[in-house]
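One structure is given here, and the rest of the page talks about it.
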Amino acid sequence: MQARLWLLLAAQLAALHGSLALVQTPAFLMVQTNQMVTLSCKTQTSPSNTRIYWLRLRQALSANSHYEFLAYWESKKTVYGKEVDSEKLTVHGNPPQSVLTLQNVKPADSGVYFCMIIGIPNLIFGTGTQLSVVDVLPTSPQPTKKTSPKKKVCHRVPTQVTQKRLSCAPLILGLLAAGVLILLVSLGVAIHLRCLQRRARLRLLKQFYK
């Protein structure tokens with residue numbers, strides 16, 4: 001039944017042409033447990049036969065990450081994916097806009113939420129919304145009294161000429177080296193996460209076009 005449903009979805013949207021950009025808002029959202037969350041997805045064009053699907057990618061990316069099909073809106077009702085709680089999640093709205101609402105969110109609802117349409121030959125994804133659900137929201141740090149920083153004095157040793165100019169050089173070089181190392185590590189992590197997300201999208205693409 002599930003495979004037949006996906007086949008029907010692809011056939012009904014086979015008339016789509018070109019690239020349809022999907023813009024999601026907000027890009028990032030942090031809320032407290034048991035709150036209500038509203039996510040929006042908007043297409044740049046609005047063909048009458050376009051369905052907008054909602055998917056979720058869990059925060060913990062790994063080589064086995066996959067997209068969970070949540071729901072889509074059709075004929076004045078929400079069509080749900082497997083094991084989706086209809087009391088928690090609802091979808092409504094026709095192109096160019098679709099809205100997903102989550103009730104009484106829990107930390108387990110955290111993840112990246114994507115809207116999607118079926119294009120030819122690829123699946124077209126929205127920009128994504130990063131949702132973080134926490135038990136306690138982080139508080140702003142208390143303001144502290146500003147104190148005038150003491151100027152660092154480089155002490156000169158009269159008997160050593162080289163120390164007159166280079167007494168502060170090791171500290172500066174150390175800070176520069178640490179900054180470069182942090183940039184390289186951040187770049188490596190970003191590339192790795194991008195590769196994992198691409199693998200997950202390829203697996204989803206194979207499910208749609210089996």
Side-chain angles (χ1 to χ4, degrees), residues 1-6 8-9 12-13 20-44 46 50-118 123-142 189-190 193-194 196-201 203-205 207-208:
M1 183 66 181
Q2 188 86 0
R4 292 176 60 187
L5 174 60
W6 291 122
L8 178 61
L9 297 177
Q12 289 180 338
L13 295 176
L20 304 178
L22 297 172
V23 179
Q24 293 181 235
T25 53
F28 176 81
L29 185 61
M30 178 179 288
V31 298
Q32 200 166 1
T33 303
N34 296 326
Q35 297 297 310
M36 183 181 75
V37 170
T38 300
L39 310 180
S40 176
C41 174
K42 187 174 182 180
T43 64
Q44 297 302 313
S46 55
T50 302
R51 286 179 185 161
I52 300 177
Y53 304 88
W54 284 93
L55 312 165
R56 177 173 58 201
L57 185 63
R58 295 290 185 181
Q59 281 185 319
L61 285 173
S62 68
N64 297 320
S65 295
H66 65 281
Y67 289 90
E68 303 172 60
F69 166 60
L70 300 176
Y72 67 89
W73 175 261
E74 182 183 48
S75 301
K76 299 182 180 180
K77 67 177 181 179
T78 303
V79 180
Y80 294 95
K82 186 178 180 181
E83 298 181 357
V84 175
D85 187 355
S86 60
E87 294 184 359
K88 172 187 283 286
L89 183 148
T90 57
V91 171
H92 66 274
N94 295 314
Q97 189 167 12
S98 177
V99 176
L100 180 144
T101 302
L102 292 168
Q103 304 283 350
N104 300 319
V105 292
K106 306 295 182 186
D109 296 315
S110 298
V112 185
Y113 287 74
F114 289 95
C115 58
M116 184 203 74
I117 60 175
I118 301 177
L123 303 177
I124 302 171
F125 288 82
T127 50
T129 295
Q130 175 79 52
L131 174 64
S132 296
V133 182
V134 295
D135 292 326
V136 180
L137 291 173
T139 57
S140 302
Q142 295 295 326
V189 171
L193 293 177
R194 180 66 177 173
L196 292 176
Q197 191 177 53
R198 182 174 177 82
R199 290 181 188 175
R201 290 191 177 187
R203 279 194 290 270
L204 182 64
L205 184 62
Q207 293 178 7
F208 271 87

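Atom CD of Q130 and atom CG of L29 lie 10.0 Å apart (nearest 0.5 Å). From T101, atom OG1 reaches atom CG of L39 across 8.0 Å, with rounding to the nearest 0.5 Å. Once rounded to the nearest 0.5 Å, the distance linking CH2 of W54 with OG1 of T78 reads 12.0 Å. Summarising the geometry, atom OG1 belonging to T90 is positioned 11.0 Å from atom CG belonging to D85; distances are rounded to the nearest 0.5 Å. Rounded to the nearest 0.5 Å, atoms CD1 (I118) and CG (L123) are 6.5 Å apart. Remark: K88 NZ to Y80 OH distance equals 12.0 Å, nearest 0.5 Å.
Without hydrogens or angle criteria, T33 side chain to V134 main chain gives a donor-acceptor distance under 3.5 Å. Judged by distance alone, the side chain of R58 and the main-chain N or O of H66 form no donor-acceptor pair under 3.5 Å. With hydrogens and angles ignored, the 3.5 Å screen pairs a side-chain donor or acceptor of T129 with a backbone N or O of P26. For the pair Q32 (side chain) and D135 (backbone), a donor-acceptor distance under 3.5 Å is present. Judged by distance alone, the side chain of Q24 and the main-chain N or O of G128 form a donor-acceptor pair under 3.5 Å. Under the 3.5 Å distance criterion, the side-chain polar atoms of S132 are left unmatched by any main-chain donor or acceptor of M30.
For the residue pair W73 / S98, no side-chain donor-acceptor distance below 3.5 Å is found, with atom types taken as modelled.
Between D109 and R56 there is a side-chain heavy-atom pair separated by less than 4.5 Å. At a threshold of 4.5 Å between non-hydrogen side-chain atoms, the residues C41 and Y113 do not count as touching. By the 4.5 Å heavy-atom criterion applied to side chains, K106 and N34 are counted as neighbours.
When each of L100, V99, L102, T25 is checked for a side-chain contact (heavy atoms from CB on, under 4.5 Å) with T38, only V99 meets the rule.
Nearest heavy atom pair, residue Y72 against residue I52, reads CB-O, 3.4 Å. Residues L131 and V31 approach most closely at CD1-CG2, 4.2 Å, considering heavy atoms.
Within the 6.0 Å centre-distance limit, the rings of F125 and Y67 are counted as a close aromatic pair.
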